[in-house]
Amino acid sequence: MDGTTPSPIDPAPPRAGRRAWTGLAVLFLPTLLIAMDLTVLHLAVPSLTADLNPSSAQLLWILDVYGFLIAGWLITMGAVGDRIGRRRLLLIGGAAFGVVSVLAAFSPTAELLILSRALLGIAGATLMPSTLSLIRQLFPDPGQRTVAIGVWMTGFTAGGALGPLVGGALLEHFWWGSVFLLGVPVMLVLLLLGPRFLPEYREPGAGRTDLVSVALSLATVLPTVYGVKRLAEHGPDLAALAALAGGALVGSAFLRRQRTLRQPLLDLGLFKNRTFSLAMSTQAFAIFAMAGTQLFVGQYLQLVVGLSPLRAGLWTLPSTVFGIAGSMLAPLLVRRIRPAVVMAAALLVSTAAFVTLSLVSPDGPGDGLPLVVTGFVLLSFGLGPAMTLTTDLIISSSPPERAGSASALSETGSEFGLAMGIAVIGSVGTAVYRSEVADTIPGAVPDEAARAARDTLGGAVRAAESLPDLLADDLLTAARAAFTDGLHTTAALSGAVTTALAVLVLTRLRRLPTTRPPADPVAGSGRRDATAAKADGERLTARQ
């Protein structure tokens with residue numbers, strides 16, 4: 001496969017055979033692992049803390065540095081893959097991920113574990129854009145590619161949900177480092193099967209990577225992500241604002257440099273394609289809408305309903321199943337229904353999910369748990385197709401030689417959407433909680449306990465443990481009611497965002513045609529009739 005995109009007068013693109021679908025299975029494994037590594041460590045914190053005795057700052061870095069470094073290196077690694085070869089970068093990153101996983105598992109100090117997690121983040125950044133851009137090479141046929149991206153998307157959905165569950169199972173029998181060793185057999189399979197089933201592709205005539213652009217990219221993304229996360233946790237303090245200002249300043253220099261380079265690290269020309277830009281925006285803002293409300297729902301299940309972290313995780317499994325079902329349903333729907341209609345309908349299902357979440361009560365496990373589970377099921381079922389189809393549009397509307405960069409931009413946009421959703425929507429919900437709880441805390445509550453309760457719901461729960469039963473109940477009732485009002489506010493804001501996105505997609509992408517009905521998805525290539533070829537030409541023209 002040479003990775004070229006057919007023009008409207010070219011023969012129809014070849015259909016992928018069994019070898020390509022096997023290659024997709026190989027790519028699914030690192031995708032699943034990367035998502036699991038974002039959450040697998042959370043349940044290991046108590047045993048890790050007892051063994052390594054990290055400071056509070058070190059513990060935060062152990063948990064966060066992996067995601068920071070993935071976000072920071074995505075743009076660079078996407079461009080590097082286009083230049084040196086996407087399969088080569090995937091295999092180099094896979095080997096590094098396996099080795100560093102062992103280093104992390106047996107880290108004797110908190111400092112070494114932080115370093116290992118940082119290196120895992122850099123290695124993870126090589127894997128993410130490589131897997132998605134290789135799908136572009138494996139599946140030149142648009143209909144099959146949409147199916148393949150749906151499968152790829154389920155890797156992230158399933159990995160994020162399985163992380164805490166697999167981690168909990170391992171911690172029942174082994175030490176905390178065992179959660180990292182999951183990466184070793186996965187990467188061995190990748191290294192053994194990747195050279196056989198994955199094609200190689202590199203940008204023709206690619207020059208050297210501009211190291212100044214790499215430095216500017218890191219100095220833009222890392223402070224910005226840090227600033228957004230700190231803004232979400234501590235509000236607009238000096239450190240958060242300085243990080244955001246510094247990231248914006250360096251970012252402007254980075255963009256100016258990209259416009260002057262013959263082969264830039266980030267091809268700004270991608271954004272001139274309307275389909276690419278709208279798909280990127282829709283994807284980022286859909287994740288933005290989900291993130292803030294998801295943060296509140298996790299606390300609601302534990303601090304209002306009273307579930308343990310593991311039981312709370314188990315109650316989210318139905319949403320994972322429906323998220324996977326939605327991702328796999330999307331390719332079937334767009335064979336007969338225009339993508340804009342499918343995406344708009346999916347986003348409106350997400351709106352219905354937020355409406356459902358806005359109905360939960362602060363009364364504990366009464367109607368709260370069923371409504372939360374139902375809302376999460378609807379949210380996952382709606383966002384699954386939206387994420388699959390926006391990702392497909394991002395990859396399909398970019399030139400083949402820029403597929404790595406386009407993949408990295410897609411994932412970087414998702415990271416920023418996640419961080420901004422937590423910071424903006426989460427902060428609004430927190431402000432509602434603090435405002436309302438300050439007016440309803442019983443006057444008999446001691447000042448220190450009242451200050452803790454005004455800060456967070458978790459602080460209120462801890463403060464109640466030291467109070468007499470009746471006073472503790474009054475405090476918790478007030479705090480849980482205020483927190484639920486904050487959840488209602490975040491759900492309303494998120495629902496407004498997904499509704500606006502549905503209107504945007506339906507009006508601006510309505511001309512995108514359906515994908516042609518494919519034959520046997522594992523059949524080899526074959527000729528298609530003139531009608532199918534004409535449909536492909538119309539699809540390509542609409543996307544440009």
Side-chain angles (χ1 to χ4, degrees), residues 228-237 240 285-307 309 312 315-316 319 350-376 378-379 417-442 445 449-464 472-500:
V228 169
K229 288 178 71 69
R230 186 171 180 87
L231 189 68
E233 294 170 1
H234 303 284
D237 61 6
F285 277 100
I287 294 175
F288 169 88
M290 174 200 71
T293 301
Q294 190 175 41
L295 175 68
F296 265 65
V297 167
Q299 295 180 72
Y300 181 91
L301 289 174
Q302 296 180 59
L303 301 177
V304 177
V305 179
L307 301 179
W315 275 110
T316 64
S319 67
S350 300
T351 299
F354 292 124
V355 171
T356 303
L357 292 173
S358 71
L359 300 177
V360 301
S361 78
D363 299 328
D367 67 347
L369 183 58
L371 282 175
V372 167
V373 173
T374 301
F376 248 46
L378 289 173
L379 182 59
L418 183 67
M420 289 299 295
I422 293 172
V424 176
I425 296 181
S427 294
V428 171
T430 300
V432 170
Y433 166 79
R434 289 173 177 170
S435 174
E436 295 198 8
V437 80
D439 296 333
T440 55
I441 291 178
V445 174
R451 282 195 298 271
R454 282 193 293 268
D455 190 30
T456 64
L457 177 59
V461 171
R462 290 190 295 272
D473 288 343
D474 290 341
L475 174 61
L476 289 177
T477 298
R480 286 168 174 163
F483 183 85
T484 304
D485 285 342
L487 171 59
H488 294 167
T489 302
T490 63
L493 288 174
S494 298
V497 171
T498 52
T499 301

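We number each residue from 1, following the sequence as shown. Keep in mind that what you see is a predicted model, and the values were worked out from it rather than measured.
Looking at residues two or more places apart in sequence or on another chain, you find no side-chain hydrogen bond (donor to acceptor under 3.5 Å, both in side chains) involving S319. Judged as a side chain to side chain contact (heavy atoms under 4.5 Å, CB included), and not counting sequence neighbours, the contacts of A453 are I441, A460, L475. Scored by the side-chain hydrogen bond (donor to acceptor under 3.5 Å, both in side chains) test, T489 finds no partners at all (sequence neighbours excluded). Contacts of A472 classified as side chain to side chain contact (heavy atoms under 4.5 Å, CB included), with partners at least two apart in sequence or in another chain: A464, L467. The side-chain hydrogen bond (donor to acceptor under 3.5 Å, both in side chains) check on S494 picks up T293, with sequence neighbours excluded. Scanning for ring-ring contact (aromatic ring centres under 6.0 Å, His included) contacts around F483 gives F296, with sequence neighbours left out. The side chain to side chain contact (heavy atoms under 4.5 Å, CB included) check on D485 picks up V432, E436, H488, with sequence neighbours excluded. Looking at residues two or more places apart in sequence or on another chain, you find no ring-ring contact (aromatic ring centres under 6.0 Å, His included) involving F376. A search for side chain to side chain contact (heavy atoms under 4.5 Å, CB included) contacts involving A291 returns L418, I422, not counting sequence neighbours.
For the residue pair T374 and T356, no side-chain donor N or O sits within less than 3.5 Å of a side-chain acceptor on the partner.
The backbone N or O of L303 lies less than 3.5 Å from a partner atom in the side chain of R480, making a donor-acceptor pair.
Taking each heavy atom of L457 and A479 in turn, the nearest pair found is CD1-CB, 3.8 Å. Nearest approach of T498 to G495, heavy atoms of both residues: OG1-O, 3.1 Å. Residue R454 comes nearest to R434 through the heavy atom pair O-CG, 3.0 Å, listed as atom of the first residue, atom of the second, then distance. Between L378 and A353, the closest heavy-atom pair is CB-CB, 3.6 Å.
In this structure the side chain of L371 never reaches within 4.5 angstrom of the side chain of L357, judged on heavy atoms. For the pair T484/V360, a side-chain contact is recorded, criterion being any heavy-atom separation below 4.5 Å from C-beta on. Looking only at side-chain heavy atoms (C-beta outward), L369 and L301 come within less than 4.5 Å of each other.
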